[in-house]
There are 2 protein chains.
Amino acid sequence: MAKIKPAKNSSKKDVIITKAATLFRTRGFNATSMREIAAAVGVEAPSLYNHIGSKSELLQAVCFKVADEFTTQLTAAENNKQDTLAKIETVIRFHIKMMLDEFDEVYVANRDWKHLPEPFLNNFLQQRRSYEKRLAALIEEGIKKKELKNINPYVAVLTMLSAVRGLELWQRHKKNISIQTLEDDMVNHLLNGMKK
Amino acid sequence: MAKIKPAKNSSKKDVIITKAATLFRTRGFNATSMREIAAAVGVEAPSLYNHIGSKSELLQAVCFKVADEFTTQLTAAENNKQDTLAKIETVIRFHIKMMLDEFDEVYVANRDWKHLPEPFLNNFLQQRRSYEKRLAALIEEGIKKKELKNINPYVAVLTMLSAVRGLELWQRHKKNISIQTLEDDMVNHLLNGMKK
DNA sequence: ATCAAAAACTAATAAGCGTTAGTTTTGTAT
DNA sequence: ATACAAAACTAACGCTTATTAGTTTTTGAT
């Protein structure tokens, strides 16, 4: 009889991906060896290949998991029955949440996507461009409805996405700022910068 | 007689560092081989060692050149006889300028500093922490003088530095936005977010 | 207890890495 | 022209890498 995947909602493959994400984040994708990942999992390197296909597959898993979550959430925000400003706030807060809850994965997806092999690289970049376009469209809508200042939508997208990404830096000051202060101050800083 | 270094203000070592910076930026430090750098310079890999000591020395050159420029300029801004808000604007505009003028170097310093060997890694991080502290102090001063809103200074620093760093993303949209629009919209977005 | 599948192990491979050694070419000052 | 140093070259080293092959151990259902 075929064995059924462990009832637990985390297979060994998932464990490997999670450990890999942490190592990729701290040491970088190229600087992380399969032997290191294996050691973190508690196994010898070749054993990993009973569960995964290649090192690059691990990077793909991390990058596309993150990309899909962002895409899904943006769709939800777009379909909200709120004014545009509230939609944008929802998106920003989701970015902050992701940065805190899935730090390793988001960090790696942001920095190491360049090492994806084709055709995944192209796929990833297309998804990202589409995300930025939809976010810019949201801002443009806000400008038309006079909820927002007349700034270039792409500059606003760029400023927002980057500022949130900067939570990477924040990890160093963790102890001194509460998460709530951080989130609210950042959201306000970003929104007040474009509010009319 | 000892030969004097070429009168030109760019030695061969400088050429190597510049080419390396470009490759580091596009492919990442670890993913860039000495053979690739050599090819970009138009030479075989071992020949590089007539001019430089090691691959890591190239990374050091890039990282500390950038760090020193930022530190120097911050000192200048601090000593300006302007109000605090203007000082901060000066700093932001310098960051944007650096991002445009020395893109490869700044990008590499931002992303690949982790691969600096000790004691350079510690040195670099100390310089960076000090920079962030001084910038936060500037913002705190602005708050005390009631030029700025009462936000957490570190959150503001984090938001500013990251947003500017996000010009990395902008490279893709180069054609559609003028540099002036970009700079002004971003500065306004950031400053209006904290102005009282 | 048995047996098959899953997953671990050891050993090894081919390729690529930064770097060194040793030699030849190039450039310049006399 | 000669001589010397700078800088190029080829060849090769020692090491690490991801991955494969082949074998043994572990696991779980009957």
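Predicted, not measured: the structure shown is a model, and the values here were computed from it. Any value given below was found using the heavy atoms of this structure, including those in side chains, with hydrogens, waters and symmetry copies removed.
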Look at the side-chain N and O atoms of [X] and state whether any lies under 4.0 Å from the OP1 or OP2 oxygen of [N].
X: B/Lys12; N: D/dA8; answer: yes
X: A/His51; N: C/dA8; answer: yes
X: A/Lys55; N: D/dT17; answer: no
X: A/Ser47; N: C/dA7; answer: no

**Q.** Centroid-centroid distance, B/Tyr107 to B/Phe24, less than 6.0 Å
**A.** no
Q. How would you label the contact of B/Thr32 with the nucleic acid (heavy atoms, under 4.0 Å): base, sugar-phosphate, or nothing?
A. sugar-phosphate
Q. Does A/Glu36 or A/Gly53 map to a spot on DNA chain D nearer the 5' end, using the closest nucleotide for each?
A. A/Glu36
**Q.** Pi-cation contact, A/Phe124 with A/Lys114 (under 6.0 Å, within 45°)
**A.** no
Q. Just by distance, do the side chain of A/Thr26 and the backbone of A/Leu23 share a donor-acceptor pair under 3.5 Å?
A. yes
Q) Which nucleotide sits closest to the side chain of A/Arg35: D/dA8, C/dC9, D/dT19? A) D/dT19
Q.
Would you call the rings of B/His115 and B/Phe29 parallel, tilted or perpendicular, taking 30° and 60° as the class edges?
A. parallel
(Q) Tell me if the side-chain of B/Asn50 makes a donor-acceptor pair with the base of D/dA6, cut-off 3.5 Å, by modelled atom types. (A) no
